[in-house]
2 protein chains.
Amino acid sequence: MVTIAYPNHARGVRDNVVAITIRDVARRAHVSVATVSRALAEPQLLREQTRKRVLAAAEQLAYRPNPAARSLITGRTGNIGIIVPDLDNPFYPSVLRGVQARAHQSGYAVLLADSGEDPAAEENLVHTMGKQVDGVIVCAPFASDAQLARIARMTTLVLVNRRLSGIPAVLMDVARGMRQAIGHLAALGHHRLAYLSGPRQAWSNRERRRGLLAAARSHRIQLVELGPFEPKFEGGIEAADLAVNTGATALVAYNDMMALGALRRLVARGIRVPEDVSLVGFDDILYAAMCAPPLTTVAMPMEAAGRAAVDLLLHQCGDVPPSANAQLHQKLASTLIIRATTAKPALAQRASAGSSAAGPRARKRSPGQE
Amino acid sequence: MVTIAYPNHARGVRDNVVAITIRDVARRAHVSVATVSRALAEPQLLREQTRKRVLAAAEQLAYRPNPAARSLITGRTGNIGIIVPDLDNPFYPSVLRGVQARAHQSGYAVLLADSGEDPAAEENLVHTMGKQVDGVIVCAPFASDAQLARIARMTTLVLVNRRLSGIPAVLMDVARGMRQAIGHLAALGHHRLAYLSGPRQAWSNRERRRGLLAAARSHRIQLVELGPFEPKFEGGIEAADLAVNTGATALVAYNDMMALGALRRLVARGIRVPEDVSLVGFDDILYAAMCAPPLTTVAMPMEAAGRAAVDLLLHQCGDVPPSANAQLHQKLASTLIIRATTAKPALAQRASAGSSAAGPRARKRSPGQE
DNA sequence: ATGAAAGCGCTAACAC
DNA sequence: GTGTTAGCGCTTTCAT
């Protein structure tokens, strides 16, 4: 079955306002429609006098070319699509913002869709957008490699946060940020660390995990991995309870939402952050800076990724903004932002027994439940 | 000058994949193109046998009608536009989510634009979307009444959080939530309250203020108004410092972002929330439930508003989903959500000196500056 | 430098 | 029931 979702349009009933067409402008400027078309698209082909006359007529009539008609003949739409897994996750609106800004800047409009984290929906949405767009950006796709390859065959595709050979993508260099984070923790004296894992299959989670493993090894830090958890506030809450039993002095969460959940749960249990346990998040969403204490986190360049994705896409489409270069995969740096959820581990203080005796008050654990 | 932003398309160069058209399907099914068109749009007009044959052919060819061609003749696009002031404000992604969900559900695609809080941009964007959409939703517009009226003349328009006679809109009944909030505060024993105002001209701010004034009067609560402040975290920080000097025992912020800023600043100054001062936000953004202590706030039905806006719009377009009714202005209820930033005022306790002596520890104000 | 005309892919009269 | 056909508004040869 061909499932084409026709909106149940009331057909034919259209604007009482009669739209003005290229013909009206032509008539008023005493030229042919071809000339009007040229005046707008390739002004240099016309005598200045003619051009001015046409432009004037167009302006007086407030003429706007019909994009559908144009698209029909050129095959280009001037639209790009963006598909995100979940608008509720603050990560994606940020990417979206970058996409939107850059697209409009290049004269493109943006078609938005939310896949609800459903791999099949991602494919369908691309189908639906189909001829409406010149290409689509799929952000942190849930679809399988095979599905993505299929999608790539039917439209110009750019991925964000997913590497797949042959498909252009904007990636974030989590390894770098992770190295900084672990370096930071190691420098503070942490030796044992828990990773609160996100969804196993998520490309981002695998990347972060990989970076973490490498960094931990090079710093001779013990690593215990927990999860997977829902990459949300609730997941963080769940994770925190597990983490406190591991003897880890520092927690690295898959993302900020989880970190925030963990933070909240730790505090609720009377475990102080960062005095009793350090906590590092990932993403640097808005709230990371707003919570108390502000979260140390690895900032992902979300808006920049959105912009880069558009550049890559337009490049693929044959539209080449100067800023875009020809790489297939573009890697953006991530950076550790040290705020207030990381500090020297309580245990290390005892062990190394250095400096002044006036360390942080050595409370062990408050009357929280347990 | 007619400023038509042409994307610098590489023209003519199009898909190596030749798109299949209605003709191909017709040929394969041994029918006319009209029959194919009908098989997809009005199946009941065809003999079952024919219909099946056509549908089969369409499926085999993976045929997808070209929306541009259809749009050209029907005048409908199957798209709706949404313009938001700022994607960074968590309020709007929530609305967007509702819009997106309902639109897709009705077979519509969503064109997104961010106005950057620029009134002129709002008007331009509607122009640009123009014939690409069947109508547009403008969310919390910055444009003037006159501008909006002009916009309404060129497309089907639905407003969110802005009332303007003659233009359909989805409004949020802040008065109700505000009444609940003030009632709650009054019941706790608060007598003096500071309102941390948002932007003066913002319709939402005026509404909230109006609701507050009425509620405060009816509860005989003293009101001091501060601001206007930037409706952001930073604005809340600024506001908090001012608010502590007013002698108010409770703060009502224009929105949650400000409330969160105020919360952070109060805590930083050693003023305990809710023991020393109560705090109420507005909106119920995601973080409101995630911060510590969780924020008491008036929840705005953002996603529902997005859905309602789409219903209203489709209704205007002549597409009438069953759930939509004919009102021009649709008002959605707001509800107070009591969490942990509101409590009995410290002063009231002294004054009323009732109940047990075992009230909250009666610390006055910690060593914060001032 | 400009115009005439042929469609792009589809729907909607209108025939039969 | 199904086919024929005339466009929708625009761009783009091809003439001139």
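Lettering follows sequence order; numbering is per chain, from 1. From a predicted model like this one, the values you see are computed outputs, not experimental measurements.
Listed candidates were C/dA5, D/dC8, D/dC10. Nearest to the side chain of A/Ala34 is C/dA5. Out of C/dC10, C/dA12, D/dG9, the shortest distance to the side chain of A/Leu72 is found at D/dG9. In this structure, of D/dT2, C/dG7, C/dT11, it is D/dT2 that holds the atom nearest to the side chain of B/Leu46.
Side-chain atoms of A/His127 and A/Glu123 include no donor-acceptor pair closer than 3.5 Å.
Atom CG of B/Leu45 is separated from atom P of D/dT2 by 10 Å (rounded to the nearest Å). Atom pair B/Ile20:CD1 and C/dC8:C1' shows a separation of 16 Å (rounding to whole Å applied). A straight line from CZ of A/Arg51 to P of C/dG3 spans 16 Å, rounded to a whole angstrom. One atom, CZ of B/Arg23, and another, C1' of C/dG9, lie 8 Å apart when rounded to the nearest Å. Going from atom CZ of B/Arg76 over to atom C1' of C/dC10 covers 16 Å, rounded to whole Å. If you take CZ of A/Arg64 and P of D/dC10, they are 12 Å apart, rounded to a whole angstrom. The interatomic distance linking A/Arg53 (CZ) with C/dT2 (P) rounds to 8 Å, in whole Å. Following rounding to the nearest Å, B/Ile73 (CD1) and C/dT11 (P) show an atom-to-atom distance of 8 Å.
Between A/Thr50 and C/dT2 there is a side-chain polar atom (N or O) within less than 4.0 angstrom of OP1 or OP2. At the phosphate of C/dG3, OP1 or OP2 sits under 4.0 Å from a side-chain N or O atom of A/Thr35. Distances shown here put a side-chain N or O of B/Ser32 below 4.0 Å from the OP1 or OP2 atom of D/dG3. Under 4.0 angstrom from either OP1 or OP2 of C/dA1 there lies no side-chain N or O belonging to A/Arg47. Contact check, A/Ser37 against D/dT11: a side-chain N or O comes under 4.0 Å of OP1 or OP2.
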Using the side-chain contact (heavy atoms from CB on, under 4.5 Å) rule, take A/Asn66 and B/Leu72 through it: C-alpha gap first, then chi angles, then the decisive distance, then the call. CA-CA 8 Å; A/Asn66 183 326; B/Leu72 198 51; 4.0 Å; yes

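One finds the CG atom of A/Asp311 at 9.0 Å from the CZ atom of A/Arg307 (value rounded to the nearest 0.5 Å).
Considering only heavy atoms from C-beta on, B/Tyr63 stays 4.5 Å or farther from B/Val54 through its side chain.
Taking the nucleotide of DNA chain D with the nearest heavy atom to each of B/Ala69 and B/Val33, the more 5' of the two is matched to B/Val33.
Side-chain atoms of A/Arg38 and base atoms of C/dG3 include a donor and an acceptor less than 3.5 Å apart.
Within 6.0 Å of atom CZ in B/Arg150, more than 12 heavy atoms from other residues, nucleotides or ligands are found, so the atom counts as buried in its surroundings.
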